[in-house]
Each structure stands twice: as structure tokens, then as C-alpha cells.
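All residue numbers in this chain count up from 1 along the given sequence.
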Amino acid sequence: VARRLSLRKHPECHSMAGGKAIEHLAQTGNQELLTFRLPMQHYRNCNFSFSGLQNLVNNAIVQKEKEEGIQEGEILSCVKDVAAAVQHAVAVHIIQRTYRAMLFCIKNSILPSKNATLVVSGGVASNQYIRKGLQNLADANDFALLCPPPRLCTDNGIMIAWNGIERLRAGLGVLHSTDGVRYEPR
């Protein structure tokens, strides 16, 4: 979403990563000016998916560009409202799915009946709006919430790379030849 909104061109966000830029702009945006249907509402599982939301957001951005008479790549006048609405929809989706997972774990005695802990890490855990929503969820269900400090909530790609290094050192599941492997960087 940050890339589609061209937030690198925004004067307040030019040096920020996408998620941080969305969070920054959302602080002064009005999340109620746009509403996005939440993903996967008809699925009764604990899975997350943001692809449907991404399509809705892209369509809304295209519509706003037409309304404002601007080209793709220019900054919308309502960019803060879009950021706030997107951040809210993402937070609600995460909270709903996490709550469903908590209920599943409780029902199936996967967690202790007392002192259960919800651990949130990775880039999403650095978003204070999402973190606050998860804190409210944890509090309402007598869970402790454990989040690393934001400086340690880095992109999951780093964690995946670290896992790869450890697997390489241990000689586990390492592909030694890339012949025949087809990949497309994005």
C-alpha cells in the first residue's frame, strides 16, 4: 500500500519504510472516511490473508486518483485518511484472527488455563496501533502480551535469512545447486 501511495515522495515519509510511513500518516488521518471490507469473513479459521484487502485498497486509490484528477505516483490529498483506514482494517483483521486462534487453543486445552501469553513479533509488532489493539485483546481474555521492543521488531526476512544460515551451518535442507530453479524477484 505504501508503494502504491508513493509514500517515498511524501515529505514526511521519504526516509521511512512502508509500514512505518503508513503508521505515521495514519496518526493524523480519519479512518472513518474510507472503510474496507475485512478479509476472509466467511472463513471460520485462524488464517490471515491481506490479498483481498490489497485489491480493495488499490481500487479505492484508483477511484480517489480519478476524483482528484491526478496520475498514479502523485500524492493523494486524502493519503492520511487512506493510511488510517488501511491500518485500521489490518489491525481488526489481525485481532479477529488472533482472537479466533486464542479461543481454539483454549477450547482444545493447548494453552494453560492460567498465565497464557500472546507473543507478537516481526515487523507488525512495531506498529503501535496494532500492538495496542492486541494488548486490549489480551487484557480482555486474561492473556499476557509479550512483544519485543520495536527496535527488535524487524522485517521477518531477516529472521528467515538467519534461519537459512543456521540450516546451512547444520547442513539441513540446503540446496547446493540452483540449476533448474526458476524465480522471479519482486
Other residues, nucleotides, ligands: >12 heavy atoms within 6.0 Å of [X] [atom1]:
| X | atom1 | answer |
| --- | --- | --- |
| Y99 | OH | no |
| Q71 | CD | no |
| N45 | CG | yes |

Requested in this report: Enumerate the residue pairs fulfilling salt bridge (Lys or Arg N to Asp or Glu O under 4.0 Å) with a member in residues 116-127, sequence neighbours excluded, ordered by first and then second residue.
Outcome: none
Report task. Scan residues 84-107 for pairs that pass salt bridge (Lys or Arg N to Asp or Glu O under 4.0 Å), counting only residues two or more places apart or in two chains. Result -> none
List for me each residue that meets side chain to side chain donor-acceptor pair (under 3.5 Å) alongside [X], sequence neighbours excluded, and say none if there are none.
| X | answer |
| --- | --- |
| R167 | none |
| S109 | none |
| E68 | S77 |

Report task. Could you tell me whether E12 and K80 make a salt bridge, using a distance below 4.0 angstrom between a side-chain N and a carboxylate O? Result -> yes
**Report entry** Co-membership, hydrophobic cluster, residues L134 and L103, 4.5 Å side-chain
**Finding:** yes
Query - Positive for side-chain hydrogen bond (donor to acceptor under 3.5 Å, both in side chains) with Y129, one of Q27, Q87, H88 - result: H88
Report summary line: So the ring pair (Phe, Tyr, Trp, His ring centres under 6.0 Å) pairs with at least one residue in residues 19-54 (sequence neighbours excluded) are F48-H93, F50-H93
